[in-house]
Amino acid sequence: MTIIDKTFDPAEIEARLYAHWESSGAFRPARPDAEPFTIVIPPPNVTGSLHIGHALDNTLQDVLIRYHRLKGRDALWVVGTDHAGIATQMVVERQLDERQDKRTNYTREDFVAKVWEWKRTSGGQITQQLRRLGASCDWAHERFTMDEGFSAAVTKVFVDLYNKGLIYRDKRLVNWDPKLKTAISDLEVETRELAGQFWHFRYPLADGVRLADGRDHIVVATTRPETMLADMAVAVNVADPRYASVIGKQVLLPVTGRRIPIIADDHADPELGSGAVKITPGHDFNDFEVGRRAGFAAGEMLNMFDADANVAPTADGLVPENYIGMERFAARKALVAEMDRLGLLDRVEDRVVNLPYGDRSGVVIEPWLTDQWYVDAKTLAGPAIDAVRSGATKFVPATWEKTYFNWMENIQPWCVSRQLWWGHRIPAWYGPRAWPAATKPSKNWPDWSIELPADFALVGSTIIEEPAFVATTKAEAIAAAIDYYSKLLPDYELVVFDSRSEMLEQTMSSTFDAKRQLPIWQDEDVLDTWFSSALWPFGTLGWPEHTHELARYYPTSVLVTGFDIIFFWVARMMMQGVELTGTPPFATVYCHGLVRDAKGQKMSKSKGNSVDPLGLIDKYGADALRFTLTAMESQGRDIKLDEKRVEGYRNFATKLWNAARFCQSNGIAGSTSAVPPAATQPVNRWIIGEVVQTAARLDAAMAAFRFDDYAEVAYQFVWSRFCDWYLELTKPLLAEGADAAVAAETRSVTGWALDQILVMLHPVMPFLTEELWHKLGTREHDLIVATWPVGGSVDAAATADIDWLIGLITEVRSARTEVNVPPSARLTFAAEGASDEVRDRLERHAAALARLARIAPGAAGGSGLQLVHAEATYTLPLEGIIDLAAERARLDKAAAAAEKERDMLAARLASPGFTEKAKPEAVDKARADRDARAAEAERLRAALARLG
RNA sequence: GGGCGCGUAGCUCAGCGGUAGAGCACUGCCUUCACACGGCAGGGGUCACAGGUUCAAACCCUGUCGCGCCCACCA
């Protein structure tokens, strides 16, 4: 117990207390017998730094964790960071770029080592910043999505899902990011609306065929002229009379000269454009489907781009030399120009087009035909939908359930492979394809392949697909490969390479004898970061091992996250959690909104309107920032953050600090018991009841995840009840010469109430409250690990007593101000029509009335201020001081207000339906209110009459 | 094209069936012995608009207008 400084210095307190909490193990007190309460943090990117959205997300989590810890629960907040595949690789590549160096100058192994080195020296700064916010995470068991155990879990999941048929390899169109040179998932593509053009081309009909109207060409329109180099058909609707006669005929594709069929497909809408549409199965998602229906296998579809989206030769070899290597938008211009020159550009139309952009790279995404790994999300979604539908997992606010259902019910296969180096490498190894000697492979047969003996019977004439060996370890994969190939080719010896390129390189040199050795090589791709994040709630607790932690803390209690990653992350955790553990990972998913700037704009670095939470902490203290975010978090709404609010809650912190300082200077110390002290004084009995009610409101707010209510209730209690009334009302009881027993009781009740405030406020303002906790007493333990001790009960008589007193004081103050009585003037009063109870109260609260209303009992008579309160009329003689006109106006205004209310209530009571149909309580209340207003009006009119 | 949400005091937002609330801002007064990052007292709202349900509507229903977000293959 030490003296509370005159000024409150958050910075010093925060650093000291956080270090103390962390080193003392307070973030995870041992409570083996308590009920667990678990939250897993949405793991921030290891490259990340704390932005205001993190501050909100983690403040809310910390409020929940600290609240439940105070409630005695075994609270665990699991923490860690995400390896963030693309983001992290980009950071390190950018560093290389600054030195005119690049990733491909290194081997994969060396580059990955560089990333680990970056992580060791520069990564995870956000974990320090979370500490500054006050986050009470279990740092002692911090995890990383690429740490050994977690990586093992990721690999196991991949293998298990593969073995169940829930992961498969497929050749189809993916969203290809030509800048990052990797596939990305649907979710990582954002559609932007831009002004663009719509080019109408004439495709000449082949073989002298004509349309019904005699034209010798079909007009097709496109927003992507360059893809015509890979066109494979023109589609028309079977019901379209203009084109019925040419279905099955061919057009001569301009520029490349390829002959392509005119096919019938419902995709072609007679109402749109010319009704005919060019089909480029290798470069358009719709066309891919049309192509499939038309009988093109994925392997046959023409591809005219390389990985950089520059024009590449197509398999038919028909792309003119001058286009090869041309950048895609340059190729567009060149093709339009060439079509124009050929007289085949029908017209150009301006129109708004929707373009897909990579959310990280910011470049236009290219649909591109590649082999990728897919998760069968559709199958996984079913049970994950059921988990929410059954109520096993609840979304708060519930409106997000609709969003969740809508997405899950229309979920598409999830592409999980990424062409990156940093991440969890896909545990698949491939071996060469093989074909029987009788079958000649096509000239484009791209891969390593082996000719089987002519008499090889097992495979008949079928070409064997490139086999994949999916296994948790390389040794297992090798074993599987040996097993597979030894049946086909008993004389061969297996050689393992880390990558296909390494294998091919070796093949070029003479060291590798392809005749007698069989290579297998590991898949070079890594998994989508979200694939591993999806395992976070159980992977961090030791899964797949059956650990004590997993049994005790899983499923977790609450997930707190932004609605913007419901699809990316929440849905995928639900799917993986249910599939792999049989249990949905959360009881509740709390979704908060986005933090916007004071004008409601989304914050972003590029706009320069982002608020730095660390700057706010420096300026106002972490507690003030936390309180602001908590108070502004109302369900289903984004937060417009205004620094003025932070300032306001800093003032609140100062207010509490000063209140505690005042208490200390009056000999008030922390209580030694959780139970409220015995109290005889109404004001003390009253504040005990107020604490009890406040605690109940806070519990209700927390149970309903109403963070704003929690903050609001605590704020109002501390400032408007405790400081403004209780401390003021008890000052006379503590003054020199006051009754010693009463003073002692008041000190002990005040100390108890202040303790309750510290406890109630601690989840939101941990630093300030912990500091005061120790300043006010010698404690057995820190506040952070205290247990919420609300005892006591509400005393109705004391409540009525103090409510009456507060009402009277307010009434007097108001009247005094209105008639311009100087604040310093001490007045006497005489009560008329007061009950015995009121006379008793006036006597008992004389000191408070003298201090707060500046009135004392005196003789009646003379003109003066008159006021009506609780059925009594008070006369305060003001001979010579009173402004009679002002007093008259005041009384008249008050009387008129009372009469208006009285009449309104009377009218309602007189209306036919009300007394019969309304709830009896409502009727009774209306009657009582009407009578009270009527009596008040009468007294005020009487007072007015007396004034003359 | 679907879906969701929002329009309440100058600003930011609670309230979601019984006579409009908070914080900030604003006005007046106060060097009252915790706090001017304070105290006391105030002013300020036909709850977007129009219908409907109800004894009673900011609150429920329908529509209109305005704003925002998400999803979707019109070439």
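Throughout, protein chains are lettered first and strands after them, A, B, ... in sequence-line order, and every chain is numbered starting at 1. Computed over heavy atoms, backbone and side chain alike; hydrogens, waters and symmetry mates excluded.
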Under 4.0 Å, counting only non-hydrogen atoms across every strand here, what does A:Trp199 touch: a base, just sugar-phosphate, or nothing? nothing
Heavy atoms under 4.0 Å, any strand shown: does A:Arg661 hit a base, just sugar-phosphate, or nothing? sugar-phosphate
Give A:Lys919 one of three labels, base, sugar-phosphate or nothing, depending on what nucleic acid heavy atoms sit under 4.0 Å from its own. base
Under 3.5 Å for both donor-acceptor distances, Watson-Crick or wobble: does B:rU54 have a partner, and if so which one? none
Please work out if A:Ser665 contacts a base, only the sugar-phosphate, or nothing of the nucleic acid, heavy-atom cut-off 4.0 Å. nothing
Who passes ring-ring contact (aromatic ring centres under 6.0 Å, His included) against A:Trp199, sequence neighbours left out? none
For a quick check of understanding: with a heavy-atom distance under 4.0 Å over all strands, which category does A:Arg351 fall into, base, sugar-phosphate or nothing? sugar-phosphate
Assign A:Asp724 to base, sugar-phosphate, or nothing according to its heavy-atom contacts below 4.0 angstrom with the strands shown. sugar-phosphate
Donor-acceptor pair under 3.5 Å: do we get one between A:Glu728's side chain and the base of B:rA34? yes
Over all strands shown, is A:Lys644 touching base, sugar-phosphate only, or nothing at heavy-atom distances under 4.0 angstrom? sugar-phosphate
Can you see if the side chain of A:Ser814 gets near the phosphate of B:rG42 - specifically, an N or O under 4.0 Å from OP1 or OP2? yes
Of all the nucleotides listed (B:rC37, B:rC55, B:rC4), which has the minimum atom distance to the side chain of A:Lys402? B:rC4
For a quick check of understanding: with a heavy-atom distance under 4.0 Å over all strands, which category does A:Ala918 fall into, base, sugar-phosphate or nothing? base
Check every atom of B:rA14, B:rA75, B:rA22 against the side chain of A:Asp709 and return the nucleotide holding the closest atom. B:rA14
Give A:Arg637 one of three labels, base, sugar-phosphate or nothing, depending on what nucleic acid heavy atoms sit under 4.0 Å from its own. sugar-phosphate
Taking only the side-chain heavy atoms of A:Phe567 (C-beta and beyond), determine which of B:rG18, B:rC71, B:rG38 contains the nearest atom. B:rC71
On a heavy-atom basis, the closest approach of A:Arg851 and A:Glu728 is NH2-OE1, 3.8 Å
What contact category does A:Asn406 fall into here, base, sugar-phosphate, or nothing, at under 4.0 angstrom with non-hydrogen atoms? nothing
Summary of side chain to side chain donor-acceptor pair (under 3.5 Å) pairs that have at least one residue in residues 704-723 of chain A, sequence neighbours excluded: A:Arg706-A:Asp708, A:Glu712-A:Gln716, A:Gln716-A:Ser720
So what does A:Arg645 touch, heavy atoms closer than 4.0 Å: a base, only the sugar-phosphate, or nothing? base
Please classify the nucleic acid contact of A:Phe8 as base, sugar-phosphate, or nothing, using heavy-atom distances under 4.0 Å. nothing
With a non-hydrogen cut-off below 4.0 angstrom, is A:Cys663 in contact with a base, only sugar-phosphate, or nothing? nothing
With heavy atoms under 4.0 Å as the rule, sort A:Arg706 into base, sugar-phosphate or nothing. sugar-phosphate
State which of B:rC13, B:rC69, B:rA34 makes the closest approach to the side chain of A:Leu727. B:rA34
